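Here is the structure we will look at, set down as structure tokens.
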Amino acid sequence: MMRLQYRPHRGGALAGLLVLLFPVFLPSLFSPLGHASPSMFSEWNAPKPRHFRLLKSALQSETTNAEQSDLWIPLANQGLRPCVESTKTPSALPEKSQGYIQVFLDGGLNQQRMGICDAVAVAKILNATLVIPHLEVNPVWQDSSSFMDIFDVDHFIDTLKDDISIVKELPYEFFWSTREYYATAIRTTRIKTAPVHASASWYLENVLPVLQSYGIAAIAPFSHRLAFDNLPVDIQRLRCKVNFQALVFVPHVRALGDALVSRLRYPSGKRGALGTDYLQESTEGAGKFAVLHLRFDKDMAAHSACDFGGGKAEKLALAKYRQAIWQGRVLNSQFTDEELRNQGRCPLTPEEIGLLLAALGFDNSTRLYLASHKVYGGEARISTLRTLFPLMEDKKSLASAVERAQIKGKASLLAAVDYYVSMHSDIFISASPGNMHNALVGHRTYENLKTIRPNMALLGQLFLNKSIVWSDFQQAVIEGHENRQGQIRVRKPKQSIYTYPAPDCMCNA
Ligand SMILES: *[C@@H]1O[C@H](CO)[C@@H](O)[C@H](O)[C@H]1NC(C)=O
Ligand SMILES: *[C@@H]1O[C@H](CO)[C@@H](O)[C@H](O)[C@H]1NC(C)=O
Ligand SMILES: *[C@@H]1O[C@H](CO)[C@@H](O)[C@H](O)[C@H]1NC(C)=O
């Protein structure tokens with residue numbers, strides 16, 4: 001296999017850096033296999049609820065109607081609107097292309113999404129023609145879907161046609177420029193040394209000469225290789241335009257997503273064939289729903305070094321995993337569970353996110369869509385959440401096997417459906433920071449949609465107080481989340497434009 005992707009668990013300076021920068025979404029080779037079925041849970045005793053008293057109160061508490069209706073009110077206009085068109089009119093294509101830019105993208109769906117946006121920007125900086133990016137097969141997610149399998153490629157090219165030229169594949173004279181070609185030897189047309197967050201001038205100095213000499217430059221690795229700061233406003237706007245307008249999923253993903261959304265909004269309505277039921281419904285009587293993105297897999301649980309209540313066996317299993325994957329280079333393991341919780345460094349368990357939602361006023365009539373890959377501990381761990389929210393659904397419960405056939409076993413397409421449903425929900429809440437969380441926080445900010453960001457440090461502290469009573473818990477939670485429901489936060493230097501689209505992608509309304 002070509003060594004283009006990062007190997008975080010194999011060491012190396014860059015990998016080490018990335019472990020520190022992006023700890024929670026690092027893949028590992030073993031995680032999808034180790035806990036595939038309940039029978040493999042020898043390491044693990046089904047965890048009992050850890051916050052039993054709170055849970056009991058949550059189940060008994062009656063939500064007032066006032067709380068409920070406040071919760072579902074859409075965000076007010078915040079004075080900003082989407083704004084991605086070029087400031088130059090006409091936004092001219094360069095007269096002559098400098099050559100072809102090819103990129104090979106690592107990571108899961110959302111990391112690749114950022115890579116695609118950056119690739120368009122780099123091609124624009126260089127006045128080059130972009131070849132539709134190649135998506136590497138991720139060792140964890142194991143999905144070989146191509147760009148065209150996931151995204152609507154014609155829409156992509158068409159949306160950007162006034163900005164850059166894009167080709168689906170290289171012309172015949174460059175057919176030799178493949179990943180296999182770059183995997184077998186050092187090649188002069190491969191740019192291997194792009195620094196993390198490189199500047200526009202780095203590309204002009206280092207990649208333009210290659211383009212001019214050979215007519216092509218292949219950049220790999222490419223993830224996180226373009227700076228977020230000190231770029232011309234039109235380049236920033238172009239990145240936004242790619243992310244928020246040019247990248248739409250293929251029609252069958254959108255159709256399945258629409259069907260799921262419709263079934264969430266009209267739960268009692270009969271389920272027509274895929275793609276027919278939602279079209280015929282009027283919006284009258286549409287129910288509201290929230291999406292809960294839960295990433296609580298073994299990788300993340302182990303990396304956090306927190307205690308999740310599975311007892312000694314679970315603790316040992318996670319420590320062993322940590323050693324095997326990161327050879328002890330996990331910063332968090334220097335701290336006690338209590339210290340980590342106080343700092344808000346522990347991912348919320350399904351039980352804890354359930355208590356958070358209950359305290360915020362969601363109740364057993366709330367329709368919740370669970371966007372999730374695999375939960376460490378499986379259904380046993382989710383059951384507490386389900387007790388609080390019996391109307392919890394997911395792809396599997398809402399769509400038939402036939403409807404899911406096209407996405408089955410394809411991690412990127414499954415994630416794409418969850419992304420689509422998340423974008424169409426009234427409220428989105430993510431229990432774990434990471435690429436999916438960041439992508440959706442950014443996209444929903446851009447469209448001014450309600451998004452609850454859990455206050456991890458506050459929750460960590462509240463859950464440490466074993467004698468806390470429900471009313472105190474609830475009050476602290478409500479106060480601690482007043483300003484975490486989608487209020488626009490302006491991007492600070494070094495922060496991602498894709499997570500914080502204001503001000504770069506937004507203008508005064
Ligand atoms: C929802 O909770 C209320 C009490 O808060 C209870 O009376 C009702 O039976 C519950 N409904 C369901 C479907 O569990
Ligand atoms: C790209 O094209 C623009 C406009 O045609 C020109 O001003 C700029 O110098 C070109 N840059 C490169 C790197 O070719
Ligand atoms: C813990 O909770 C109790 C009861 O709600 C409260 O009186 C106490 O102040 C809390 N302790 C801390 C350290 O916050």
Side-chain angles (χ1 to χ4, degrees), residues 50-68 71 86-101 120-130 160 162-165 191 198-217 219 226 231-235 238 267-268 287 338-339 341-344 354-355 357-368 383-393 455 457-480:
R50 298 190 83 196
H51 312 286
F52 196 72
R53 283 178 332 101
L54 285 179
L55 192 62
K56 219 170 125 203
S57 313
L59 284 165
Q60 285 162 354
S61 86
E62 302 258 357
T63 320
T64 62
N65 286 335
E67 277 174 65
Q68 271 289 324
L71 211 48
S86 167
T87 54
K88 297 192 189 102
T89 44
S91 151
L93 278 173
E95 310 219 321
K96 176 180 159 292
S97 170
Q98 297 278 8
Y100 293 94
I101 288 289
V120 169
V122 164
K124 180 76 182 176
I125 289 166
L126 297 167
N127 287 344
T129 299
L130 179 70
L160 299 170
D162 296 329
D163 302 292
I164 71 163
S165 19
I191 311 293
S199 65
S201 50
W202 189 90
Y203 283 97
L204 290 170
E205 282 158 27
N206 297 278
V207 182
L208 190 58
V210 175
L211 279 179
Q212 287 169 338
S213 302
Y214 303 98
I216 186 164
I219 314 176
L226 182 61
L231 286 173
V233 62
D234 282 330
I235 294 296
L238 182 57
S268 53
E338 184 170 340
E339 286 166 337
R341 283 184 190 277
N342 258 316
Q343 298 167 33
L355 290 169
L357 291 173
L360 288 171
F362 295 94
D363 66 11
N364 63 5
S365 68
T366 296
R367 201 153 275 277
L368 204 59
S383 64
T384 314
L385 182 61
R386 204 180 290 285
T387 312
L388 287 165
F389 301 102
L391 304 182
M392 191 162 76
E393 308 277 3
N455 185 336
L458 171 74
L459 291 164
Q461 287 153 23
L462 293 175
F463 287 129
L464 277 174
N465 183 347
K466 292 299 168 203
S467 54
I468 195 162
V469 295
W470 178 252
S471 56
D472 289 350
F473 177 77
Q474 184 168 35
Q475 194 190 344
V477 164
I478 290 174
E479 283 172 13

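Side chains are part of it too, since the values below use all heavy atoms of this structure and drop only hydrogens, waters and symmetry mates. Order of listing sets the numbers, starting from 1, for every ligand and every atom in it. Source: prediction; values computed, not measured.
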Where does N465 meet ligand 3, judged by heavy-atom distances below 4.0 Å: at the side chain, the backbone, both, or neither? side chain
Compute the minimum heavy-atom distance from S365 to ligand 1 and say whether it is under 4.0 Å. no
Would a distance-only check, ignoring hydrogens and angles, find a side-chain to backbone donor-acceptor pair under 3.5 Å from S199 to W202? yes
In this structure, CG of L388 is separated from CG of L391 (nearest 0.5 Å) by 12.0 Å
Which word best sums up how the rings of F389 and F362 line up, parallel for under 30°, tilted for 30 to 60°, or perpendicular for over 60°? perpendicular
Which atoms from ligand 1 have a heavy atom of S61 less than 4.0 Å away? 5 (O)
Measure V469 to ligand 3 on non-hydrogen atoms and call it side chain, backbone, both or neither using the 4.0 Å cut-off. both
Suppose I only count heavy atoms of I468 and a 4.0 Å limit; which atoms of ligand 3 are within that range? 2 (O), 4 (C), 5 (O)
For ligand 2, would you mind listing the residues that have at least one heavy atom less than 4.0 Å away, ordered by chain and number? Q98, I125, N127, L204, L208
Please say whether more than 12 non-hydrogen atoms of neighbouring residues, nucleotides or ligands are located less than 6.0 Å from CD in E339. yes
L211 side, atom CG; I191 side, atom CD1 - distance, nearest 0.5 Å: 7.5 Å
What's the spacing between L355 CG and W470 CH2 if we round to 0.5 Å? 5.5 Å
Going from CG on D363 to CG on L357, what distance comes out if it is rounded to the nearest 0.5 angstrom? 11.0 Å
Below 3.5 Å, N or O to N or O, backbone or side chain included: is there any such pair between N364 and ligand 1? yes
Got a donor-acceptor contact below 3.5 angstrom from the R53 side chain to the K466 backbone? yes
Just by modelled atom types, is the D163 backbone N or O under 3.5 Å from a matching donor or acceptor in the K124 side chain? yes
Atoms in ligand 3 flagged as close to D472, the criterion being non-hydrogen separation under 4.0 Å: 4 (C), 5 (O)
